[in-house]
Amino acid sequence: MRILGVDSSGMVASVALVEDDLLVAEYSVNYKKTHSQTLLPMLDEIVKMTELDLNTIDAIAVAAGPGSFTGLRIGAATVKGLGLALEKPVISVPTCHGLAYNLWGNDKLICPIMDARRSQVYTGIYEFAKDGMQVFLDQSAMDIRALAEKLNAMGREVIFLGDGCPVYASVLAECMQVPYAFAPAHLNRQRASAVASLGAEYFKQGKQEPADDLIPIYLRKSQAEREREEKLAAEGQA
């Protein structure tokens with residue numbers, strides 16, 4: 001089984017090819033270029049380096065959200081275009097699930113935190129067991145202090161990962177009452193290899209869809225939408 005993975009849900013742009021239990025190639029960049037400029041050249045480089053015939057892939061897995069609104073739209077558009085052109089199904093992988101999958105096999109609670117601004121994070125709480133990844137808290141947007149309170153109540157050691165770690169490290173130091181740690185550099189951001197690997201598991205379970213049906217998972221309204229609503233509400237009260 002060949003699964004192409006794509007993740008543009010955050011600052012990282014990442015493309016990977018997973019074949020059965022082998023990571024064939026992965027290209028990730030965590031830098032200030034727009035994903036519209038990076039994803040297709042990265043994919044093209046992987047195709048050239050591995051002599052890949054894209055028609056031989058079984059499906060395309062994509063980090064579908066939450067995350068950067070612009071990044072999610074670019075990723076969805078890229079994957080839709082590829083899926084339609086190749087006539088391949090797509091696999092929608094929740095971003096926080098994919099992040100947690102970076103730490104597959106760990107015996108601690110896994111808690112991705114992506115900065116959602118205004119003291120909120122996109123997050124979830126996961127554990128790995130013999131039968132796979134268990135979800136204690138499905139991905140959601142919540143206040144970082146409320147998340148710390150929930151984790152404290154669970155009473156177990158936690159590993160955090162994601163771009164929210166440096167942003168909220170001081171808040172966690174203040175609020176966390178259970179032991180915790182931050183994942184190391186090679187595991188603490190989005191990786192298309194994790195998206196592709198988890199996508200392969202979803203594919204086996206029949207969780208794929210036509211490319212045209214792919215819809216990003218936003219969880220919250222965009223900042224522009226919120227500001228527009230606030231402006232209209234203020235004008236209505238004037």
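In what follows, residues are counted from 1 in the order of the sequence shown.
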*Asks:* What are the two closest non-hydrogen atoms of Ala141 and Leu219, and how far apart are they?
*Replies:*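 Shortest heavy-atom contact: N-CD1, 4.1 Å.
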*Asks:* Is Val62 close to Asp7 at the side-chain level, that is, under 4.5 Å between some pair of heavy atoms?
*Replies:*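 When only atoms from C-beta onward are counted, Val62 and Asp7 do not touch, as no gap falls below 4.5 Å.
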*Asks:* Which ILVMFWY residues can you reach from Leu84 by hopping between side chains whose heavy atoms are under 4.5 Å apart?
*Replies:*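 Cluster partners of Leu84: none, it stands alone.
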*Asks:* Does any non-hydrogen side-chain atom of Val178 lie less than 4.5 Å from one of Met154?
*Replies:* no
*Asks:* Between Met133 and Ala100, which heavy-atom pair has the shortest distance, and what is it?
*Replies:*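 Smallest interatomic distance, heavy atoms only, reads SD-CB, 4.0 Å.
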*Asks:* Other than Met11, what residues sit in its cluster of Ile, Leu, Val, Met, Phe, Trp and Tyr side chains whose heavy atoms are under 4.5 Å apart, directly or through others?
*Replies:*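 In the cluster with Met11 there is nothing else; it is isolated.
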*Asks:* Report the C-alpha separation of Phe136 and Leu109 in whole Å, then their side-chain angles, then the decisive distance to 0.1 Å, and conclude whether the side-chain contact (heavy atoms from CB on, under 4.5 Å) test is met.
*Replies:* CA-CA 9 Å; Phe136 286 118; Leu109 289 180; 3.7 Å; yes
*Asks:* Counting C-beta onward and ignoring hydrogens, is there a side-chain heavy-atom pair between Phe128 and Ile110 closer than 4.5 Å?
*Replies:*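 SC-SC contact between Phe128 and Ile110 confirmed.
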*Asks:* Quick check: closest heavy atoms across Pro41 and Gln37, and the distance to 0.1 Å?
*Replies:*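 Pro41 and Gln37 have their closest heavy atoms at CG-O, 3.3 Å.
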*Asks:* If you look at every heavy atom in Ile3 and Ala196, which pair is closest and at what distance?
*Replies:*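 Scanning both residues completely, I find the closest heavy atoms to be CG2-O, 3.7 Å.
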*Asks:* Residues two or more places apart in sequence or in another chain: which of them pass side chain to side chain donor-acceptor pair (under 3.5 Å) with Lys48?
*Replies:* Asp44
*Asks:* Please check if Val6 and Leu54 belong to a single hydrophobic cluster, counting links between Ile, Leu, Val, Met, Phe, Trp and Tyr side chain heavy atoms closer than 4.5 Å.
*Replies:* yes
*Asks:* Whether the side chain of Asp213 engages the backbone of Glu209 through a donor-acceptor N/O pair (distance < 3.5 Å, no angle test) should be reported.
*Replies:* no
*Asks:* Just do the side chain to side chain donor-acceptor pair (under 3.5 Å) check on Ser36 and Thr34 with the steps written out, would you?
*Replies:* CA-CA 5 Å; Ser36 60; Thr34 60; 3.2 Å; yes
*Asks:* Suppose the criterion is salt bridge (charged side-chain N to carboxylate O under 4.0 Å, His left out): which pairs have a residue in residues 122-131, not counting sequence neighbours?
*Replies:* Glu127-Arg156
*Asks:* Just to verify, what does Arg189 make a salt bridge (Lys or Arg N to Asp or Glu O under 4.0 Å) with, not counting sequence neighbours?
*Replies:* none
*Asks:* Are Ile125 and Val158 packed together at the side-chain level, in the sense that at least one heavy-atom pair is separated by less than 4.5 angstrom?
*Replies:*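 Contact flag for Ile125/Val158 side chains = no.
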*Asks:* Rounded to the nearest 0.5 Å, how far does CZ of Arg2 lie from CG of Asp20?
*Replies:* 9.0 Å
*Asks:* For residues 160-175, tabulate all N or O donor-acceptor pairs below 3.5 Å that involve a side-chain atom, not counting sequence neighbours.
*Replies:*
residue: Asp163; atom: OD1; partner: Asp115; partner atom: N; Å: 2.8
residue: Tyr168; atom: OH; partner: Asp115; partner atom: OD1; Å: 2.9
residue: Tyr168; atom: OH; partner: Gln120; partner atom: O; Å: 3.3

*Asks:* Verify, without hydrogens or angle tests, whether Asn152 (side chain) and Met176 (backbone) share a donor-acceptor contact under 3.5 angstrom.
*Replies:* no
*Asks:* Pairs under 3.5 angstrom only: tabulate donor-acceptor contacts from the side chains of residues 87-99 to other protein residues two or more places apart or in another chain.
*Replies:*
residue: Lys88; atom: NZ; partner: Asn55; partner atom: O; Å: 2.9
residue: Lys88; atom: NZ; partner: Ile57; partner atom: O; Å: 3.0
residue: Thr95; atom: OG1; partner: Gly65; partner atom: N; Å: 3.0
residue: Thr95; atom: OG1; partner: Gly65; partner atom: O; Å: 3.2
residue: Thr95; atom: OG1; partner: Pro66; partner atom: O; Å: 2.9
residue: His97; atom: ND1; partner: Tyr126; partner atom: OH; Å: 2.8

*Asks:* So, taking the atom named OG in Ser197 and the one named OH in Tyr101, what distance separates them when rounded to the nearest 0.5 Å?
*Replies:* 6.5 Å
*Asks:* Going by side-chain heavy atoms closer than 4.5 Å, which hydrophobic residues are tied to Val12, directly or by a chain of links?
*Replies:*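 Answer for Val12: none, a lone residue.
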*Asks:* Flag yes if Leu4 and Leu39 sit in one hydrophobic cluster, no otherwise; membership is Ile, Leu, Val, Met, Phe, Trp, Tyr, and two members link when side-chain heavy atoms are under 4.5 Å apart.
*Replies:*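 Yes, same cluster.
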*Asks:* Scan for salt bridge (charged side-chain N to carboxylate O under 4.0 Å, His left out) pairs involving residues 94-108, sequence neighbours excluded, and state none if there are none.
*Replies:*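 Qualifying pairs, neighbours excluded: none.
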*Asks:* Do you know the tightest heavy-atom contact between Thr38 and Ala13?
*Replies:*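 Scanning both residues completely, I find the closest heavy atoms to be OG1-CB, 3.5 Å.
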*Asks:* Are the side chains of Phe203 and Met1 in contact, using a 4.5 Å heavy-atom criterion?
*Replies:* yes
*Asks:* Return all side-chain donor-acceptor pairs below 3.5 angstrom for residues 23-31, not counting sequence neighbours, or 'none' if the list is empty.
*Replies:*
residue: Glu26; atom: OE1; partner: Arg191; partner atom: NE; Å: 3.4
residue: Glu26; atom: OE1; partner: Arg191; partner atom: NH2; Å: 2.5
residue: Glu26; atom: OE1; partner: Ser193; partner atom: OG; Å: 3.3
residue: Glu26; atom: OE2; partner: Arg191; partner atom: NE; Å: 3.4
residue: Glu26; atom: OE2; partner: Ala192; partner atom: N; Å: 3.4
residue: Glu26; atom: OE2; partner: Ser193; partner atom: N; Å: 3.1
residue: Glu26; atom: OE2; partner: Ser193; partner atom: OG; Å: 2.8
residue: Ser28; atom: OG; partner: Ser14; partner atom: OG; Å: 2.6

*Asks:* Membership question, hydrophobic clusters at under 4.5 Å side-chain separation (ILVMFWY): are Met114 and Leu72 in the same one?
*Replies:* yes
*Asks:* Name all residues meeting the side chain to side chain donor-acceptor pair (under 3.5 Å) criterion together with Glu45; count only those two or more places apart in sequence or in a different chain, and write none if there are none.
*Replies:*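 Here no residue qualifies.
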*Asks:* If I compare all heavy atoms of Ala185 with all of Asn188, which pair ends up nearest, and what's the gap?
*Replies:*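 That closest heavy-atom pairing would be O-OD1, 3.3 Å.
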*Asks:* Within a strict 4.5 Å, meaning less than it, do heavy atoms of the Val121 and Leu147 side chains meet?
*Replies:* yes
*Asks:* So, does Thr123 use its side chain to make a donor-acceptor pair with the main chain of Pro112 at under 3.5 Å?
*Replies:* yes
*Asks:* Would you say the side chain of Cys111 lies within less than 4.5 Å of the side chain of Leu151, judging by non-hydrogen atoms?
*Replies:* yes
*Asks:* Within a reach of under 6.0 Å around CG of Asp21, are more than 12 heavy atoms found that belong to other residues, nucleotides or ligands?
*Replies:* no
*Asks:* May I ask you to check whether over 12 heavy atoms, not counting those of Glu157, lie within 6.0 Å of atom CD?
*Replies:* yes
*Asks:* Can you tell if the side chain of His35 reaches within under 4.5 Å of the side chain of Thr70, non-hydrogen atoms only?
*Replies:*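 A side-chain contact under 4.5 Å is absent here.
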*Asks:* Test your reading of the model: is there a side-chain donor-acceptor pair from Ser119 to the backbone of Asp143, 3.5 Å cut-off?
*Replies:*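 Looks like no, no N/O pair under 3.5 Å.
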*Asks:* In terms of hydrophobic clustering (I, L, V, M, F, W, Y; side-chain heavy atoms under 4.5 Å; direct or indirect links), are Leu137 and Leu103 co-clustered?
*Replies:* no
*Asks:* Begin from the C-alpha positions of Ile217 and Gln139 and carry the test side-chain contact (heavy atoms from CB on, under 4.5 Å) through to its verdict.
*Replies:* CA-CA 10 Å; Ile217 305 167; Gln139 59 176 20; 3.9 Å; yes
*Asks:* Could I get the full list of salt bridge (Lys or Arg N to Asp or Glu O under 4.0 Å) partners for Lys204, not counting sequence neighbours?
*Replies:*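 Partners of Lys204 by the salt bridge (Lys or Arg N to Asp or Glu O under 4.0 Å) criterion, ordered by chain and then number, come out as Glu201.
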*Asks:* Determine, using the 4.5 Å side-chain heavy-atom cutoff (strictly less than), whether Leu43 and Leu214 are members of one ILVMFWY cluster.
*Replies:* yes
